[in-house]
Amino acid sequence: MNQTAADILTQLRQISLFGELSESELERVARYTRERRLSKGELLFQRGDVAHGFYFVTDGQLKLGFSSAQGNEKVVEIVGPQQSFGEAVMFMNRPYPVFAEALTDMSLLHIGQNVVSDLIDQDPQFARKLLAGMAVRLHNMVRDVETYSLRSSTQRVIGYLLQQTEEDGTKACDISLPTSKQVIASRLNLTPETLSRIFHDLADNGLITVHGKRITLHNPQALSRYSG
């Protein structure tokens, strides 16, 4: 096994979906897996391209989105390390409904459809894990629709900021935005101008301090109670 194949096998072992596979099964998956490296701004696929498998991000970030005829862009999802995408489209045998573009220099694995289909036929536990992963993504999409429909712009931004924290929510903390404010605005179904206005409003009220992509949350509990 050459070094590239060995590296892919090591990465596959870290994917929970493949956690119950035997070594021989993993080696088989590795034969149908290819590593892709993208530079920031590079497209992985276009809307309308045919899916031949699914992807697993090992490093970096990309956005899934679509553009209108007028050139306006809507970011549907931001995918980061240890996350997969494209499973549902692969099984539907339909073209991608979105494009995928790297937000940073990144690397990811492409796992071929044929070997996934064979594993589903052979291993009910694998099929359940795959279904569970897709169910989580569906749940997240429903939650997004609820957020856009029932929450104000300010509530959406506050919810996003609080999701980035790793603290217990009782003390001040710093967070780093994972991508540009323009991408975050699109993800939250806002214009960049609205996002900037809300940041300014929260800062004027002493709840946050913005330093580029680094934001200090002075009182997360007070921030969660603020509705604008």
Side-chain angles (χ1 to χ4, degrees), residues 7-8 10-19 29 32-67 72-92 94-113 116 129-148 156-157 159-166 175-190 192 195 213:
D7 290 343
I8 288 176
T10 298
Q11 293 170 329
L12 289 174
R13 291 192 186 101
Q14 299 172 5
I15 302 176
S16 60
L17 176 64
F18 300 130
V29 173
Y32 290 87
T33 300
R34 298 292 179 268
E35 184 178 29
R36 291 287 307 274
R37 294 184 181 274
L38 301 176
S39 300
K40 180 179 179 180
E42 186 176 352
L43 283 173
L44 176 63
F45 54 76
Q46 292 271 19
R47 182 178 185 178
D49 287 351
V50 178
H52 298 290
F54 74 97
Y55 291 94
F56 183 85
V57 178
T58 56
D59 183 61
Q61 286 185 325
L62 58 76
K63 63 181 177 182
L64 304 177
F66 52 85
S67 301
N72 298 319
E73 182 178 282
K74 174 67 180 78
V75 176
V76 175
E77 189 172 4
I78 298 171
V79 186
Q82 304 304 304
Q83 291 183 292
S84 62
F85 62 97
E87 299 95 329
V89 178
M90 172 184 70
F91 289 120
M92 292 169 66
R94 292 185 178 181
Y96 289 112
V98 295
F99 67 80
E101 179 183 327
L103 292 171
T104 64
D105 292 345
M106 66 176 303
S107 60
L108 64 166
L109 300 177
H110 179 264
I111 297 95
Q113 179 177 359
V116 175
K129 282 190 174 184
L130 191 62
L131 283 172
M134 289 192 289
V136 168
R137 293 174 67 84
L138 178 59
H139 174 77
N140 290 338
M141 291 176 65
V142 171
R143 184 186 62 190
D144 285 346
V145 172
E146 178 185 12
T147 296
Y148 300 151
R156 279 178 250 165
V157 174
Y160 180 83
L161 293 176
L162 293 175
Q163 286 176 4
Q164 309 308 308
T165 66
E166 298 180 356
I175 63 172
S176 295
L177 298 179
T179 186
S180 70
K181 294 173 184 175
Q182 182 174 0
V183 170
I184 292 170
S186 180
R187 181 71 182 87
L188 296 176
N189 209 29
L190 304 172
L195 179 62
K213 286 188 176 182

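Given the structure is predicted, the values throughout are model-derived calculations rather than measurements.
- Few gaps surround OH on Y160; more than 12 heavy atoms of other groups in view lie less than 6.0 Å from it.
- Closest approach of G48 and P95 over heavy atoms only: O-CB, 3.2 Å.
- Atom-to-atom distance recorded for I184:CD1 and L177:CG is 4.0 Å, nearest 0.5 angstrom.
- Taking the side chain as every heavy atom from C-beta outward, S176 and K213 never approach each other to under 4.5 Å.
- Looking at heavy atoms from C-beta onward, V98 lies out of side-chain contact with V89 at the 4.5 angstrom threshold.
- Side chains of M106 and D59 form no contact here, defined as non-hydrogen atoms less than 4.5 Å apart.
- Across all their heavy atoms, S67 and F99 have their closest contact at OG-CE2, 3.8 Å.
- Atom NZ of K74 has more than 12 neighbouring heavy atoms from other residues, nucleotides or ligands inside a 6.0 Å radius.
- Rounding to the nearest 0.5 Å places CD1 of I8 at 12.0 Å from NE2 of H110.
- With hydrogens and angles ignored, the 3.5 Å screen pairs no side-chain donor or acceptor of D105 with any backbone N or O of S39.
- Within the 3.5 Å criterion, the main-chain N or O of L64 finds no donor-acceptor partner in the side chain of E77.
- More than 12 heavy atoms of other residues, nucleotides or ligands shown are found within 6.0 angstrom of CD on E73.
- Counting only distance, with no hydrogens or angles, the side chain of T58 and the backbone of S107 share a donor-acceptor pair below 3.5 Å.
- Taking the six-membered ring where tryptophan is involved, the planes of Y55 and F85 are essentially parallel, since the angle between them stays under 30° and well short of 60°.
- We find the NE2-CE distance between H52 and M90 to be 12.0 Å, quoted to the nearest 0.5 Å.
- Atom-to-atom distance recorded for Q113:CD and E87:CD is 12.0 Å, nearest 0.5 angstrom.
- Ring planes of F18 and F54: tilted class, angle from 30 to 60°.
- Proximity of K129 to S16: side-chain heavy atoms (C-beta onward) are nowhere separated by under 4.5 Å.
- No donor-acceptor distance shorter than 3.5 angstrom exists from the side chain of R156 to the backbone of L190, with no hydrogens or angles considered.
- Summarising the geometry, atom CG belonging to L12 is positioned 4.5 Å from atom OG1 belonging to T33; distances are rounded to the nearest 0.5 Å.
- Looking at heavy atoms from C-beta onward, M134 lies in side-chain contact with F91 at the 4.5 angstrom threshold.
- You'll find the side chain of L109 reaches within 4.5 Å of the side chain of E35, heavy atoms only.
- Side-chain atoms of S186 never come within 3.5 Å of backbone atoms of V183 as a donor-acceptor pair (strictly under, hydrogens ignored).
- Counting non-hydrogen atoms of other residues, nucleotides and ligands closer than 6.0 Å to CZ of R37 gives a total of 12 or fewer.
- Between the side chain of T104 and the backbone N or O of G60, no donor-acceptor pair lies under 3.5 Å.
- Residues G80 and V57 approach most closely at O-CB, 3.4 Å, considering heavy atoms.
- Looking at K63 and T179, their side chains never come closer than 4.5 Å, going by heavy atoms from C-beta outward.
- Note that CG of L62 is 10.5 Å distant from CG of L43, once rounded to the nearest 0.5 Å.
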Between Q82 and F56, does a side-chain contact (heavy atoms from CB on, under 4.5 Å) hold up when you go through it step by step? CA-CA 7 Å; Q82 304 304 304; F56 183 85; 3.5 Å; yes
